[in-house]
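Residue numbers start from 1 in every chain, and the chains themselves are labelled A, B, ... in the order their sequence lines are given, proteins ahead of strands.
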Protein chains: 2
Amino acid sequence: MKKQYLALVEQLEAHGYRLTPQREIVLSILSETDKHVSAETLLLRVRQVYSRANKSVVYRNLDLLAQLGLISCVDLGQGRVEYEVHRHPHHHHLVCRHCKQVIEVSANAFAALQRELLERHGFAADMDHLAIFGLCRKCQSQQAAHSGHHPHAL
Amino acid sequence: MKKQYLALVEQLEAHGYRLTPQREIVLSILSETDKHVSAETLLLRVRQVYSRANKSVVYRNLDLLAQLGLISCVDLGQGRVEYEVHRHPHHHHLVCRHCKQVIEVSANAFAALQRELLERHGFAADMDHLAIFGLCRKCQSQQAAHSGHHPHAL
DNA sequence: GTTGCAAATGCAACTCGTTGCAATTGTAGC
DNA sequence: GCTACAATTGCAACGAGTTGCATTTGCAAC
Ligand SMILES: [Zn+2]
Ligand SMILES: [Zn+2]
Ligand SMILES: [Zn+2]
Ligand SMILES: [Zn+2]
């Protein structure tokens with residue numbers, strides 16, 4: 001994905017941001033990863049190339065990229081945020097509260113809502129990469145099944 | 001809101017959970033607060049009544065109530081999560097990334113999406129209390145205005 | 001009112017992410 | 001190649017929330 005990396009670099013330079021070694025490495029790792037990556041994992045990978053890499057710097061670079069709209073982050077309920085370069089078309093995630101399964105859905109289903117929020121409230125919602133929590137099909141039936149409840153019941 | 005407090009207690013007991021002093025105080029404060037409250041604020045209020053109250057216990061009780069679907073929490077981007085007893089009908093929040101303004105909207109607009117996710121993916125989404133980020137009307141025009149960008153520009 | 005025991009608590013240590021600030025570095029202008 | 005200066009980094013301290021585990025307690029059974 002050399003193309004994507006060059007596009008990221010171009011965007012940064014167009015906005016007057018510097019290209020530092022650590023930032024370049026973050027960009028290259030992000031652009032060659034086609035799934036979500038946590039800050040922790042990203043830091044470890046950056047350190048394979050640049051061993052003095054620093055937590056704050058990675059976070060700050062991720063913040064910068066997100067602010068420029070080049071990457072997005074999402075919290076899938078795993079206790080850490082995950083990042084990825086924007087894919088087109090956009091996608092969202094349905095996260096089952098019970099079995100933790102994550103279903104990826106296209107952003108199409110969200111376009112009508114986005115339009116309605118814009119029309120009714122003048123609000124331009126970022127419908128880029130959402131996590132929606134709920135119950136998957138299987139866990140809905142299971143929950144319906146046992147209405148008897150004990151504390152700590154699974 | 002005595003009625004709401006009693007309803008909460010009843011739900012807890014129906015599920016076999018104990019009624020401890022600290023938990024009772026958390027319930028009563030939540031049920032007499034008609035807006036969002038952070039865990040920190042809640043802890044301070046609990047301590048006005050029960051001065052030895054403990055951070056973990058407050059968090060664990062909030063988790064329990066959320067798990068039972070009695071309260072919901074939302075992250076409005078303020079660096080801390082806010083809690084509230086469910087109001088009916090449900091509402092959501094539109095948060096402007098730029099001016100931090102929060103617009104409250106009814107859950108109606110989200111019903112169509114919820115239906116679609118259920119039909120197409122069998123997923124029962126919790127559309128109880130979401131925070132959607134984006135740009136308010138005013139900040140959209142402002143952003144359109146200045147296309148010149150410098151690092152650190154506001 | 002005693003007893004038994006799971007539920008709940010208290011506490012300290014931990015994780016993830018953020019922040020303030022001093023030191024360093026990229027880069028534009030010369 | 002220097003210089004200047006803002007952008008970036010490194011670090012350590014911080015804040016919100018979680019967790020493991022030993023202790024305590026609510027409550028139901030007797
Ligand atoms: Zn994704
Ligand atoms: Zn499930
Ligand atoms: Zn709300
Ligand atoms: Zn705004």
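Using modelled atom types, one finds a donor on one side chain and an acceptor on the other under 3.5 Å when comparing B:T41 with B:S38.
The interatomic distance linking A:E40 (CD) with C:dT18 (P) rounds to 14 Å, in whole Å. Rounded to whole Å, the distance from CG on B:D63 to C1' on D:dT18 is 9 Å. Regarding A:L12, its CG atom lies at a distance of 14 Å from the P atom of D:dA7, rounded to whole Å. One can place CD of A:Q22 at 18 Å from P of D:dA7, the figure rounded to the nearest angstrom. Rounded to whole Å, atom C1' of C:dA8 lies 18 Å from atom NE2 of B:H15. Atom CG in A:L42 sits about 14 Å away from atom P in C:dC16, given to the nearest Å. D:dT9 atom P lies 14 Å from atom CZ of A:R47, rounded to whole Å. A straight line from CG of A:L27 to P of D:dT8 spans 12 Å, rounded to a whole angstrom.
Rounded to the nearest 0.5 Å, atoms OH (B:Y83) and OH (B:Y59) are 6.0 Å apart.
Within the 4.5 Å cutoff, no side-chain heavy atoms of A:V74 are placed close to those of A:V81. You'll find the side chain of A:I103 reaches within 4.5 Å of the side chain of A:V105, heavy atoms only. A heavy-atom distance below 4.5 Å is found between the side chains of A:L12 and A:L27. Counting heavy atoms from C-beta outward, A:L64 and A:Y17 have side chains that approach closer than 4.5 Å. For the pair B:L30 and B:L65, the minimum side-chain heavy-atom distance is below 4.5 Å.
Applying the side-chain contact (heavy atoms from CB on, under 4.5 Å) rule to A:R60 yields the partners A:S56; only residues at least two apart in sequence or on another chain are considered.
Within residues 50-62 of chain A, the residues having any heavy atom under 4.0 Å from DNA chain C are, by residue number, A:K55, A:S56, A:Y59, A:R60.
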Can you list, pair by pair, the side-chain donor-acceptor contacts under 3.5 Å of residues 117-124 of chain B, counting residues two or more places apart and other chains?
residue : atom : partner : partner atom : Å
B:R120  : NH1  : B:E116  : OE2          : 2.7

Anything under 3.5 Å between a donor and an acceptor, one on a side chain of residues 127-136 of chain A, the other on a protein residue two or more places apart or in another chain? List them.
residue : atom : partner : partner atom : Å
A:D128  : OD1  : A:H90   : NE2          : 3.4
A:H129  : ND1  : A:S72   : OG           : 2.8
A:H129  : NE2  : A:H36   : NE2          : 3.2
A:H129  : NE2  : A:E84   : OE2          : 3.1
A:H129  : NE2  : A:H91   : NE2          : 3.2
A:H129  : NE2  : A:H93   : NE2          : 3.2

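Not one side-chain nitrogen or oxygen of B:R80 sits closer than 4.0 Å to the OP1 or OP2 atom of D:dG15.
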Determine, for nucleotides 24-30 of chain C in 5'-to-3' order, which nucleotides have protein heavy atoms under 4.0 Å from the base (write B), from only the sugar-phosphate (write S), or from neither (write -).
-BBS---

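Salt bridge annotation for A:R87-A:E104: present, with a cationic side-chain nitrogen under 4.0 angstrom from a carboxylate oxygen.
One end of the helix from C:dG1-D:dC30 to C:dC30-D:dG1 points its axis 30° away from the other end's axis, with each axis taken from 5 pairs and the angle rounded to 10°.
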